[in-house]
Amino acid sequence: MSVTSPTPAKRVRRRTAEGSPDQPAGTKVRRVTGIDRVIVVLMVFVPTALVILLVWLPALASVALGFTHWEGIGGLDTIQWIGLENYKNIFTNYPPFPPALQHNIIWLVFLFFLPTLFGIFLAVLLDKELRGGRVYQTAFYLPVVLSLALTGFIWQLLYSPDQGLINALTGAHVDWYGDPKVNLWAVLVATGWRHTGYIMLLYLAGLKSVDPSLREAAAVDGSTEVSTFFRIIVPVLRPINLIVLVVTVIDSLRAFDLVWVVNKGRNGLEIIAALVTQNVVGEASRIGFGSALATIMLVISSVFVAIYLRVVMGDPK
Amino acid sequence: VSTALPSTGAIHAPATAEDIAAARTTRRQLTPQRTVLHVFLAVTALGWLFPLAWAVFNSFRDYNYTSTHGYASLGGFTFQNYLNAWQRGNFTHTFLNSVQITVPAVVLTLALSSCVAFVLARFSFKFNLTLLGLFVSANLLPPQALLIPIYRAFRSIPLPFWMSDSGTMLNSYWGLILVNTAFQTGFCTFVLSNYMKTLPHELYEAAQVDGASILRQFWQLTLPLCRPPLAALATLEVTWIYNEFFWATVLLQSGDKFPITSSLNNLKGQFFVDYNLLSAGSVVVALPPILIFFLLQKHFVSGLTLGATKG
């Protein structure tokens, strides 16, 4: 690791010429030396080591273990390499997988078309600087500070078959969390309750950052509010739109807590994250098989992580 | 998912928001359109609060009363549910467990991420962008996808008994705190490094001329200037780690170690569920994050929307 720092003069020039973070070749650099150098190395090394050891190595290990058969009991030498066997089994011979994949997709589509769009809609309404807008904002945002596990419990009071409010009011006898025909939707409503506020907040921050003169110009040109929003605001907010999309996708893929508190991801609530967990925790310890499932999650999420990275770090203007 | 926006965060530009507000006050008259908007928002907001309000309402009611009169009734008010829930949920104990996990994890996360962020902002190394990417994306990976190797490794890493009564990283707070820290460091590094990049570089040059070491520049110059994002991140991270459910559930296996979020299940009886008791328990568990939210709302919101002026 070469620890260098541009000279002050170069630094100033580089900072004025934005967008080219790389130093021009042949720049004179002043080396950070002695104890400072050790400090800088440590400041980077310790956190990086932690993240590599507890995030990146496990991720790679999941990929590798996906090609093996291992009960996880003996030492590493009891691992058998079996190639794509696990994947073949997942796709052809593992009944919970197709519903789990389907549920994750429904989860995503639902979150996107209802809570996400509704959150954006609320953000647009709240951006109008209404009197009391803060109060509304707080109400929508409040569920976001609660954990998803707790959300599951709170909604149980509405969903319970014999004592829940919904059945009491409608006279129905539905076990909203238990009946595999409806429980996915019940869980989705509870998730959406929380997701809406989060998206609203993100989008509201984005809207506040829009240059007001854009709207004014559009208004002068006789553009209606709706067409200004779709033709000017939405394109300007492209980065936020992408982030909201990525957040929604990743949240759908990570969905776990709520399902786990309801029934540990069985009986109508199969989702990939819960399948992975079921394969390691508890009596069945199928490490290779579970890792193959984990790898599928990793592959899907990596696409969206890449998009996110491009948005937040790419092409600084 | 925790995320930061590549937009002007609330902290950076309070003036802009006020400007917008000022520019629009002229239009703030109560037209019929506005009235409709208010009615719509008010009704929706009340609907949004309803599940929580329902839990609070029923947490103060006697189970025998509600089971004979139904929930759509008034009366049977009592505080007993809270006393029972507190006892059955063992909340004193589990709350202390949560504190024992949350406080070290948040402190460690902020310490480590401000170190990396400082180096990323202070110097321009070739590897800066890669490093930032490594941290930011680590925060976005699904934790369940990393469960198996971590679980297996923790089970075989021995810890002396004075550190963990299970004798391994599994079922000990050490493992849980480290995992939470590793996951949250990415987000905090991102927010902090963006903030630190907005500090004028001339400050460091002056400090350098005065002969201040890197450590002093970090400790006496950068960190004091970073109070706003640190406060925002601390607020957010306390809430998140307090709320964290997955790792606590899978890495701690004995019930007496569970933090408060994972111990609500204690309130579910084997054969029947006393929903009033469960409501009281839910309200107790929800109270700390809600208090934090109301007391530190400004930090909370700015933390979530804080990201990055890129320049």
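Protein chains get the first letters and strands the later ones, always in sequence-line order, with residue 1 at the start of each. The shown structure was predicted, so the numbers you read here are calculated from the model rather than taken from an experiment.
Within the 4.5 angstrom heavy-atom criterion, atoms from both the backbone and the side chain of B/Leu141 approach chain A. Only the side chain of A/Phe121 comes within contact range of chain B, with at least one heavy atom under 4.5 Å from a heavy atom of that chain. Heavy atoms closer than 4.5 Å to chain B are found nowhere in A/Ile35, neither backbone nor side chain. Within the 4.5 angstrom heavy-atom criterion, only side-chain atoms of B/Phe294, from C-beta onward, approach chain A. Residue A/Ala168: no heavy atom, backbone or side chain, is found under 4.5 Å from chain B. Both the backbone and the side chain of B/Thr44 come within contact range of chain A, judged by heavy atoms closer than 4.5 Å. Both the backbone and the side chain of B/Val285 come within contact range of chain A, with heavy atoms under 4.5 Å apart. For A/Val63, no part sits under 4.5 Å from any heavy atom of chain B, backbone or side chain. With a threshold of 4.5 angstrom between heavy atoms, B/Leu236 does not approach chain A through any atom at all. Of the two parts of A/Gln156, the backbone and the side chain both hold a non-hydrogen atom closer than 4.5 Å to a non-hydrogen atom of chain B. Both the backbone and the side chain of A/Ser160 come within contact range of chain B, judged by heavy atoms closer than 4.5 Å.
Under a 3.5 Å cut-off, the side chain of B/Gln144 and the backbone N or O of A/Phe256 do not form any donor-acceptor pair. Without hydrogens or angle criteria, A/Arg286 side chain to A/Val280 main chain gives no donor-acceptor distance under 3.5 Å. Side chain of A/Asp257 to main chain of A/Leu148: no donor-acceptor pair is present (N/O by atom type, distance under 3.5 Å, no hydrogens or angles).
The side chain to side chain contact (heavy atoms under 4.5 Å, CB included) test with A/Leu237 singles out one residue from A/Leu242, A/Val244, A/Leu207, and that residue is A/Leu207.
If you look at A/Tyr141 and A/Tyr198, their ring centroids are not closer than 6.0 Å.
The most heavy-atom pairs under 4.5 Å with chain A, out of B/Ala153, B/Gly47, B/Gly281, B/Ala182, come from B/Ala182.
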